[in-house]
Amino acid sequence: MTLALLQVHGLVKHFPVRRGIFGRITGAVRAVDGVDLQIQAGETLGVVGESGCGKSTLGRLVLRLIEPSSGQVLFGGQDLGPLNAPALRAQRRAMQIIFQDPYASLNPRMTVGQTLAEPLQLHGLHTGRHATRVAELLHTVGLAPEHAQRYPHEFSGGQRQRIGIARALAVEPQLIVCDEAVSALDVSVQAQVVNLLQDLQQRLGIAYLFIAHDLAVVKHIAHRVAVMYLGRIVEIGDKAQVFAQPRHPYTRALLSAIPLPEPGAQRERALLGGDVPSPMHPPTGCHFHTRCAFAQPVCSQEPPTLETVDGQAVACHLWRSLPPAAVLPPPAAPSAARQRLLRLQSAFVTGTPPGI
Ligand code: SF4
């Protein structure tokens, strides 16, 4: 088996909570609480979960933009933990990030050409031919060479995100962390940017850690999916397996909210009750037990471990005994009386005779 491009082992990030004039530490926010994952070269791992589940913190930890409390990140077999600043800078050339808000991540005082040339200067790439390289990058993301002279405010949201992608591509990365990269875009523009990312992956072999809360987008782009809840991965596996046979009750609840493409078809809705508990005081045992419809006494007492069966891992004590996630058939045609009522309603709205 080939060595994974990215390996994450037991990654933990607890942010201390300070109170009082002396800044005494009174607790910790457990943003990431023991995450293990791998990404192969040219693969997309989608990370999903509700706001505050720790997925964005995980993305920053992977790039070592923030220091972990414990755990290990290996990129190309190299442990990023002991690297000093220059070594880390050199390593970062192969690991880039695309943010959710492309406007906020672009310097409004720099032209697009200057923005794209900056990483080239920083890493000593394409010396003497920056203008040519900038034109190539713009072409790669579907923009014109003359766009290099313009400023970020002159572009639409989708075009700005293309500029953000071009900036990430400038240093020829092997891995890009896409942190809610299409969440702020209109649906039609989202599809264009996702297609662009897929096209770049096929041409350049880039791996993505694709962080999103929209499962429909993740279903489109990811090869594998990891579901996070309160800082932990509760399910991870091949996309087709996770979407077709979700094992964890939380995954089921998230998936049940996605509309089915077949007209009239419905999923059994597994509604999530209550809010996500505070990551400062996560529930004991299984973090999800306060919202889980299947919870048993053991769930609040013992934390479940990730158990892998047939390549799909799940952290749930009871996943083997849960009823299968059902897809309901399309609703039956309305009765004759109901059809008559609908025609009357239609006639009332349109002002035309009902014809009954
Ligand atoms: Fe629900 Fe228990 Fe499974 Fe947690 S361990 S997801 S509470 S059934």
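All ligand and atom numbering here is 1-based and tracks the order in the structure.
Checking side-chain atoms of E43 against main-chain N and O of L209 turns up no donor-acceptor pair under 3.5 Å. Not a single donor-acceptor pair under 3.5 Å links the side chain of Q296 to the backbone N or O of H317.
Nearest protein heavy-atom contact of atom 3 (Fe) of ligand 1 is C316 SG, 2.3 Å. Considering only non-hydrogen protein atoms, atom 1 (Fe) of ligand 1 sits nearest to C292 SG, 2.4 Å. Scanning all protein heavy atoms for the shortest distance to atom 4 (Fe) of ligand 1 gives C286 SG, 2.3 Å.
At least one N/O/S atom of C299, whether from backbone or side chain, sits less than 2.8 Å from atom 2 (Fe) of ligand 1. Checking H317 against atom 3 (Fe) of ligand 1, every N/O/S atom stays at or beyond the 2.8 Å cut-off.
With a 4.0 Å heavy-atom cut-off, ligand 1 is reached by the side chain of H248 but not by its N, CA, C or O.
For F288 and H248, the gap between ring centers is short of 6.0 Å.
Hydrophobic clustering (ILVMFWY, side-chain heavy atoms < 4.5 Å, transitive): L169 and V112 are in one cluster.
A salt bridge does not link E235 with R252: every distance from a Lys NZ or Arg NE/NH1/NH2 to an Asp or Glu carboxylate oxygen is 4.0 Å or more.
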